[in-house]
Amino acid sequence: MVTIETDEHKALRTAVAALGKRHGPTYDREALWSEAGKLGYLGVNLPEAHGGGGGGITELSLVLEELGAAGCPLLMMVVSPAICGTVIARFGTEEQKQYWLPGFADGTRTMAFGITEPDAGSNSHRITTTARRDQDTGDWILTGRKVFISGVDIADATLIVGRTEDARTGTLKPCLFIVPRDAPGFTRHPIDMELDAAEKQFELTLDDVRLPSDALVGDEDAGLLQLFAGLNPERIMTAAFAIGMGRHALAKAVEYARDRQVWNTPIGAHQAIAHPLAQAHIDLELARLMMQKAAHLYDAGDDTGAGEAANMAKYAAGEACVKAVDQAVHTLGGNGLTREFGLARLITAARVARIAPVSREMILNYVSHQTLGLPKSY
């Protein structure tokens, strides 16, 4: 596998970095989303036949990383083109592809993703949102709750993970449903977060939400295959989000350390300042390599290999991001906590990369069980 970027990838980085620089940390989310869509950056991973760039998660993660490095990450890129776009492109009907994918690509349509539940957390096997068939009409009827769902208020629909009963075994199996934002019985309540982010978090209630039969995405019997087709890109994109944020914080710290003088030389000349910043850079670069590996494996169709690499990439990037932000704030001292330098708000944001969409502890569980073959404790 080649990890050195192609000339096309380098050119894409340069172009996206220029877009990010124009908007900067004080960006207007809607304006940036619209321009990124018009330039084709939001849909680089989607099929050309449906308005996309024909690339993969490799290219999409690159776009998000560069926007993050410029201080203007678009969190909904993780959700709309990466998770929902990938799932619909791989498993949706032709009608679903024609309706949703061109809009995902040019930014005129967005979709949220709802999997987490109040009593399920990291255990997707405990999801209680259920879907049952109306035998008379063929409609689906969804009932359940979701929590910590991003951007529902700005999305045209939400891709909801529910469970249907297998008629042969009686067991519940995961399925994916497109729920329009204004569907009767589908309500949202904002969660009061101490997090400075353009995208808000919501708790969702589905109270006998009636959907047409074509709201189901993919095969009712495909189960986890379709679900993880979206979760692996989610982890890769979260890694890109974290790496971009870490790079942004590190760049501010390096600039400050290069210019700030307390005695007769810039503080960056002192190893107590320089070495931790160098270590942060190394950790971010290593995390990027694992992210690139995961993206290449996924784009090559190796879902199993991508699953392992995507979890490792998300873990490495989350740790590297937290350390980079912490060291950046520490480098600036008191200035690191002022609004002028814009680093303090990243302290909370960096923690997200450790927590969501899966905690670092659950990733360590995955690696210990799936990779090392150790027994489970649960």
Side-chain angles (χ1 to χ4, degrees), residues 29-30 33-34 37 42-43 45-47 50-52 60 74-117 127 129-131 138-164 174-191 198-220 222 226-227 229-231 233-234 237 357:
R29 197 210 73 88
E30 291 185 10
W33 184 270
S34 177
L42 298 181
N45 65 309
L46 299 176
H50 295 98
L60 192 66
L74 291 172
L75 177 61
M76 288 301 285
M77 283 186 65
V78 179
V79 181
S80 194
I83 302 176
C84 301
T86 296
V87 169
I88 291 175
R90 285 185 63 173
F91 304 107
T93 64
E94 188 57 35
E95 290 75 15
Q96 289 169 342
K97 294 176 184 178
Q98 290 179 2
Y99 182 82
W100 288 105
L101 296 184
F104 290 166
D106 65 17
T108 57
R109 285 197 176 101
T110 55
M111 188 179 288
F113 179 65
I115 182 171
T116 306
E117 295 188 358
I127 287 175
T129 296
T130 55
D139 290 349
W140 291 101
I141 301 175
L142 270 64
T143 303
R145 293 170 62 202
K146 300 291 181 181
V147 69
F148 295 116
I149 311 303
S150 304
V152 181
D153 58 327
I154 57 177
D156 299 283
T158 301
L159 187 62
I160 291 289
V161 181
R163 303 181 76 182
T164 61
C175 287
L176 300 165
F177 298 88
I178 299 174
V179 181
R181 180 173 55 188
D182 58 355
F186 184 49
T187 57
R188 64 180 185 269
H189 305 281
I191 301 173
E199 297 84 1
K200 307 306 179 186
Q201 301 293 312
F202 292 89
E203 179 176 352
L204 308 180
T205 301
L206 297 100
D207 186 8
D208 286 344
V209 175
R210 182 176 290 270
L211 302 171
S213 59
D214 60 3
L216 176 71
V217 178
D219 188 342
E220 183 181 347
Q226 294 171 172
L227 177 57
L231 296 187
E234 180 184 37
M237 291 293 287

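FYI, the numbering just counts along the sequence from 1. In this text the structure is predicted, and so the values were computed from the model without any measurement.
Just one residue in the list Ile88, Val87, Ile115, Leu216 forms a side-chain contact (heavy atoms from CB on, under 4.5 Å) with Leu176, and that residue is Val87.
Here the side chains of Val179 and Leu204 are not in contact, with every heavy-atom distance at 4.5 Å or above. Proximity of Leu42 to Met77: side-chain heavy atoms (C-beta onward) are separated by under 4.5 Å at one or more points. No side-chain heavy atom of Pro174 sits less than 4.5 Å from a side-chain heavy atom of Ile127. Taking the side chain as every heavy atom from C-beta outward, Gln226 and Val217 never approach each other to under 4.5 Å. Thr110 places none of its side-chain heavy atoms less than 4.5 Å from the side chain of Cys84.
Taking CG of Leu159 as the start and CH2 of Trp100 as the end, the distance is 9.5 Å to the nearest 0.5 Å. Atoms CG and OG1, on Leu46 and Thr86 in that order, are 7.0 Å from each other to the nearest 0.5 Å. Asp208 contributes atom CG, which lies 14.5 Å from atom CZ of Phe186 (distance to the nearest 0.5 angstrom). The line from CD1 of Ile149 to OG1 of Thr116 is 5.0 Å long, rounded to the nearest 0.5 Å. How far CD of Gln201 is from CG of Asp153: 10.0 Å, rounded to the nearest 0.5 Å. One distance of note links CG of Leu74 with OG of Ser80; it measures 11.0 Å at 0.5 Å rounding.
Residues meeting the salt bridge (Lys or Arg N to Asp or Glu O under 4.0 Å) test with Arg29, sequence neighbours left out: none. Listed by chain and residue number, Asp134, Thr137, Arg210 satisfy the side-chain contact (heavy atoms from CB on, under 4.5 Å) test with Asp139 (two or more places apart in sequence, or in another chain). Under the side chain to side chain donor-acceptor pair (under 3.5 Å) criterion, Gln98 pairs with Glu94, sequence neighbours left out. Scored by the side chain to side chain donor-acceptor pair (under 3.5 Å) test, Glu199 finds no partners at all (sequence neighbours excluded). Under the side-chain contact (heavy atoms from CB on, under 4.5 Å) criterion, Ile83 pairs with Phe113, Glu234, sequence neighbours left out. Evaluation of the salt bridge (Lys or Arg N to Asp or Glu O under 4.0 Å) rule for Glu203 yields Arg145 as partners, not counting sequence neighbours. Partners of Asp156 according to the salt bridge (Lys or Arg N to Asp or Glu O under 4.0 Å) rule, which considers only residues two or more places apart in sequence or in another chain, do not exist here. By the salt bridge (Lys or Arg N to Asp or Glu O under 4.0 Å) test, Arg90 pairs with Asp303, sequence neighbours left out. Residues passing the side-chain contact (heavy atoms from CB on, under 4.5 Å) test with Thr93 are Glu95, Gln96, sequence neighbours excluded. Phe177 pairs by the ring-ring contact (aromatic ring centres under 6.0 Å, His included) definition with Trp140, not counting sequence neighbours. The side-chain contact (heavy atoms from CB on, under 4.5 Å) search around Pro102 returns His50, not counting sequence neighbours.
The heavy-atom pair separating Phe148 from Ile191 by the smallest distance is N-CD1, 3.7 Å. The heavy-atom pair separating Ala157 from Pro180 by the smallest distance is CB-CA, 3.9 Å. Taking each heavy atom of Ala105 and Gly51 in turn, the nearest pair found is CB-O, 3.4 Å. Looking at every heavy atom in both residues, Ala112 comes nearest to Ala155 through N-CB, 3.5 Å. Among all heavy-atom pairs drawn from Gly114 and Thr158, the shortest one is N-CG2, 3.7 Å.
Screening residues 176-188 for side-chain hydrogen bond (donor to acceptor under 3.5 Å, both in side chains), with sequence neighbours left out, gives no hits.
No donor-acceptor contact under 3.5 angstrom links the side chains of Asp207 and Thr205, judged on distance only.
Proximity of a side-chain donor or acceptor of Lys146 to a complementary backbone N or O of Thr129 within less than 3.5 Å is not detected.
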